[in-house]
Amino acid sequence: MFTLNVSGIGKHYGGALLFKDVSFQLNQGDVFAIVGWNGSGKSTLLRIIAGLVRPSAGQIEMFCNGETIPKDSRRQFIGMVAPALSLYDELTGLENMEFFCRVRGVACNRNSCLEIIDGVGLAEHATKICGDYSSGMKQRLKLAQALLHKPPLLLLDEPGCNLDSKGIKVVEGIISKQRQLGVTVIASNEKREADYADKAINLSE
Amino acid sequence: MHQTKNGRQTTQTRPSTYLNEAVAIWLRDLRSEFRTRYALNAILMFAVTTLIAVSFSIGSFRIEEAERPFLYAVLLWIILTFSALSGLARSFVKEEEAGTMDILKLSARPQAVFLGKLLFNLTLLGAVELIIVPSFILLMAYQINFPGFFIAMIISGGIGLAAGTTIIAAMISRASARGALFSALSFPLLLPLMITAIKGCERAAVGIGTAGWPEVKMAVAYVIVMVIMSLFLFPLVWEE
Amino acid sequence: MIVRALLTTWMAVIIIAAFLYAEAAQGFPGETSRILFFHVPQAWIATLAFLISMIASVLYLAKRNVKADYIAQSAAELGFLFCVLATVTGSIFAKATWGSFWNWDPRQTSIVILLMIYGAYFALRSAVPDTERKRVFAAAYSILAFAAVPFLVFVVPRITSSLHPENTMNPASPGMDPKTLKVFLGSLFAYTGLFVWMLRLKIRILTLEGWRVRDLFR
């Protein structure tokens, strides 16, 4: 049972305020959307939740089965997909996955990685160099990478970016599966993606 | 489902140590390097060019016998230090430029990242030393009377170069004017190591006063201090 | 106001005393020993400032208290200033006494290395755009530089022999006559007072600038 608690988050960059007083609480099974105009700080908010950016005010708390998760341990509970988060272009899809398995300390072997790659529809391309992937294929691999360790918290920044209709189905499948595993937070401009969510927050207000 | 114990998951994972993860990062860096030769080319190019320039202009005869042990040590360590400064920042800068820095932050523990990158820098420097040092000795006709001590000095000094600069490389990866900043920041830290290494190589060449291997011990002490401090400071530098 | 007036008066007294009250030390050409009333305290303050900056850096990393970073930054700036002064006065003394401005003796080498560390510290601060990271990196660097210092202390003296007048001018040894000692200690006191006053001023400026940003959230 996973819980995410965002309270009073604010962020300013070099004297200019981005947003403030953002608060919400999410429980197991919730799908949440962050919407707003370009530049309203959707990606930044997601990055703050992921721990990549320090907020100027407020705090993020995470709980698993009632126990608080300290900041240093959060990385195994979070999976993230974002346009700015790239994978290694000189490695093949499979090598990328194996690397992330090993670095996260997740038990892995070729077959389990291949399974996940197959799950996002990249089976025939698994042994090709990522630099040769199309942008849609890269996006699918990013999704695969985020699911490796079965994280309770899934952060998706424009998950449908660069994807064809089959790819979008994959994303929908992931989101519905994630309802059993934990929480999903989607940041997006697209109405279709925002509609996956039960609750939303608009940063432009 | 997920349980935490000492910061690592205990379900669905095998117990993972910093070392396993560091080695994973190290091997991945090596693999990328093998395919692109991004860093090795830079360092080797610098080292070889400098070596040729030195050898060509000074040759093996222009410096008198008596001065050679010291001056050759100085030249060798200038080549090695500045080669290091030209290339050891690459592993972090590359991550930043390719946009993979964030995903590494999300997946790996900071201490593992530091150790992995340190191992990579050590490998890089080791490769350079393996090529440059024998070439230098041959081209300059460097006479070494105590080779064991000399080799120990080269190895410990090389490890020191990597140990002193890896955390700095992480700091400058996102800054402006990276190359110059990396050199400016690293140089004061490397200076004691450089001086020690030069003295050590001089003694090894001369062959006297090497009892107790003082300079090697000093270099090892330097490595230990730098690595421990870096392990403490790196998580703060790495995370927001 | 009072502090400023007191400091000014005290410093003026010291300067006069350095030239008129104390006697030129034996064994030095002409009046050259007088510069040491200024040079030694400057070098001392430069080192003290470095130490303060390092301690403030540790405090900042431990508590993320912004005031600690203000102290670190201010102490570093002042330390740099006094370091430059010490280098310049030292070179003047070197020229007058030993004939050349620069000899790379261990003391001169150490002060140059301190200058390099300060320079690198400021270069780092100005090259990192994000405020929080800038503070963390600067603090980390200051600690690393401090860790390298013991090695320098060991290593540098072995390279060249010292020309520095250790024994004759060292206040701890009985070689200094009472008048000289008085002026010297007075000068040390004056410089320390000057340093502390300037430090507090700088910290106040940084604090006020910091409040401007914080008010965004009110």
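No experiment lies behind these values; they were computed from the predicted model shown. Sequence lines set the chain letters: A, B, ... in the order given, protein chains first and strands last, and positions in each chain run from 1. For the numbers below, each heavy atom of this structure counts, side chains included, while hydrogens, waters and symmetry mates do not.
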Check your understanding: Between B:Glu96 and B:Arg178, is the closest basic N to carboxylate O distance under 4.0 Å?
Key ->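 Looking at B:Glu96 together with B:Arg178, the answer is no, because their closest N to O distance does not fall below 4.0 Å.
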Review point. Of the backbone (N, CA, C, O) and the side chain (C-beta and beyond), which part of C:Arg135 lies under 4.5 Å from a heavy atom of chain B, both, or neither?
Key: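 Contact with chain B involves no heavy atom of C:Arg135 at all.
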Practice item. Give the ring-plane orientation class for C:Trp10 versus C:Phe189, where under 30° counts as parallel, over 60° as perpendicular and anything between as tilted. Key: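 C:Trp10 and C:Phe189: perpendicular rings.
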Point to revise | When B:Ala170, B:Ala221, B:Ala177, B:Ser186 are compared by non-hydrogen pairs under 4.5 Å with chain C, the top option | key: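 Option with the top pair count is B:Ala221.
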What part of [X] gets within 4.5 angstrom of chain C, counting heavy atoms only: side chain, backbone, both, or neither?
| X | value |
| --- | --- |
| B:Val225 | side chain |
| B:Phe187 | side chain |
| B:Leu236 | both |
| B:Leu181 | side chain |
| B:Ile198 | neither |
| B:Ile168 | side chain |

Any donor-acceptor N/O pair, [X] side chain to [Y] backbone, under 3.5 Å:
| X | Y | result |
| --- | --- | --- |
| C:Ser53 | C:Phe50 | no |
| C:Tyr118 | C:Ala46 | yes |
| B:Thr166 | B:Ala163 | no |

**Study point:** Side-chain donor-acceptor contact under 3.5 Å, C:Arg64 with C:Tyr60
**Key:**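 Per modelled atom types, C:Arg64 and C:Tyr60 side chains form no pair under 3.5 Å.
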**Study point:** B:Glu95 and its side chain to side chain donor-acceptor pair (under 3.5 Å) partner, picked from B:Lys117, B:Lys105, B:Arg90
**Key:**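 Considering B:Lys117, B:Lys105, B:Arg90, a side chain to side chain donor-acceptor pair (under 3.5 Å) with B:Glu95 is found only for B:Lys117.
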Review point. What residue, out of C:Leu124, C:Val128, C:Ile113, C:Leu114, has the most heavy-atom pairs lying under 4.5 Å from chain B?
Key: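 Of the options given, most contacts go to C:Leu124.
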